[in-house]
Amino acid sequence: MSIDESLLVRGAPGSPYTRKMLAVLRYRRIPYRFFTGGLWSDDQDLPTAKVELLPTFYLPDATGELEAVVDSTPIIRRLESEIPGRPVIPEDPVLRFLDYLLEDYGDEWLTKAMFHYRWYYEPDIEQAGAILPRWRALTRSTEEIEQLSTFIKERQISRLYVVGSNDTTAPVIEASYKRFLDLFAAHIKNGPFVLGRRPGASDFGLYGQLTQLATFDPTPVAITIERAPDVHAWVSIVEDLSGLEPSDDDWFERDALPETLGALLSEVGRTYVPVLLANAKAVDEGAETMTTEVDGCVWEQTPFPYQAKCLQWIRQEFVRLDPEDRDVVGDVLAGTGCERLF
Ligand SMILES: N[C@@H](CCC(=O)N[C@@H](CS)C(=O)NCC(=O)O)C(=O)O
């Protein structure tokens, strides 16, 4: 099975995971064909995925038949194994683990801030409501677009619970985004990427969410530009890294990781880790609500089965390490709160 023709990808500009994957493809110099649903997709006879998510990749299955594939994290790994060159997964297993953890933090925690800011405050709701429908219906009448806008707004606001955004958690999410900005701005001074002078999957995970938080939705954009202009600029740089020429020694050395990386991991341990653990427990027990504390504040949300799997996958990555590497990872994580994952 090989991916020999240029890849076909369906997505949307307002979808953080779509932006994540397009940036990976550009950096890896993998030719692709991208289309947004609605505008010119309907004439394509394409398979559908079991769970329809953006982005959707159309890839050959074991028999060579085209199938719809979703979920950016495993797709990145599949592309790595089938298309050589310019990898985004570090060779050093210690770095590979840290990269995995931070990619997951971007995908699963930072996305809470992304979805929260987009659908919580009026100016953000209005802007997203006006633009998102146009990305898939640009040529339709203003009236039709208005209808689509109302539909999208109502649907998305009604789904805030999925990421755990509510009046109780709003201050926690917002404080966490601001701390992340400060820590990440400090960290990229040592990079400019998460793990050195070349990007890993974690960069693209964070980038995907930041394309929205730092450059689209008005409330978090204003916060980002005021607080962390470096992060705003970083997003535009990561968008197209096709001209970067990485070399093997561009990754950090495992025994010379900058302190700013530890600080970032402490933020993961302070917020994402307690929620991951409480969520997995609630999913396990079939509870209707999960409640925990993040940073001394109450965190309450409906359990999210997918994130229970995320915890399992992180643990698998850890268990897969050989004992010596596991010890090194343990040392890096010690005191960050992330050690509670294992
Ligand atoms: N874990 C998936 C998440 C993808 C995802 O949640 N995509 C969103 C858009 S950014 C989506 O399609 N949501 C379902 C919907 O809007 O109906 C990935 O990494 O690709």
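Every heavy atom of this structure was used, including side-chain atoms; hydrogens, water molecules and symmetry mates were not. Whatever order the structure lists ligands and atoms in, that order sets their numbers, starting from 1. As the structure is a prediction and not an experimental result, all values here were calculated from the model.
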Heavy-atom contact check, 4.0 Å cutoff: does M114 meet ligand 1? no

R118 and Q156: side chain donor to acceptor below 3.5 Å: no

Looking at ligand 1, does any of its N/O atoms fall within less than 3.5 Å of an N/O of P16? no

Any N or O on S72 sitting closer than 3.5 Å to an N or O of ligand 1? yes

Atom 13 (N) of ligand 1 sits nearest the protein heavy atom L53 CD2, 3.7 Å

Pick, from T18, D71, D104, V51, the option with the minimum heavy-atom distance to atom 1 (N) of ligand 1. D71

Distance-only, no hydrogens or angles: does the E65 side chain make a donor-acceptor pair with backbone N or O of P60 under 3.5 Å? no

Whether over 12 other heavy atoms sit under 6.0 Å from E91 CD: no

Using a 3.5 Å cut-off on N or O atoms only, is R155 in polar contact with ligand 1? yes

Does the gap between the ring centers of W313 and F318 come in under 6.0 Å? no

Considering non-hydrogen atoms of the protein only, which is the closest contact for atom 10 (S) of ligand 1, and what is the distance? S15 OG, 3.2 Å

Short list, please: which atoms of ligand 1 are under 4.0 Å from a heavy atom of Y306? 1 (N)

Checking heavy-atom distances from atom 12 (O) of ligand 1 to each of L54, V69, T56, the winner is L54

Assess R86 against Y27: is NZ or CZ under 6.0 Å from the centre of the six-membered ring, and within 45 degrees of the ring's axis? yes

Correct closest heavy-atom pair for L148 and A137 would be CD2-CB, 3.8 Å

Using modelled atom types and a 3.5 Å cut-off, is there a donor and acceptor pairing between side-chain atoms of D99 and backbone atoms of S202? yes

Could you tell me whether Y17 and ligand 1 have an N or O pair separated by under 3.5 Å? no

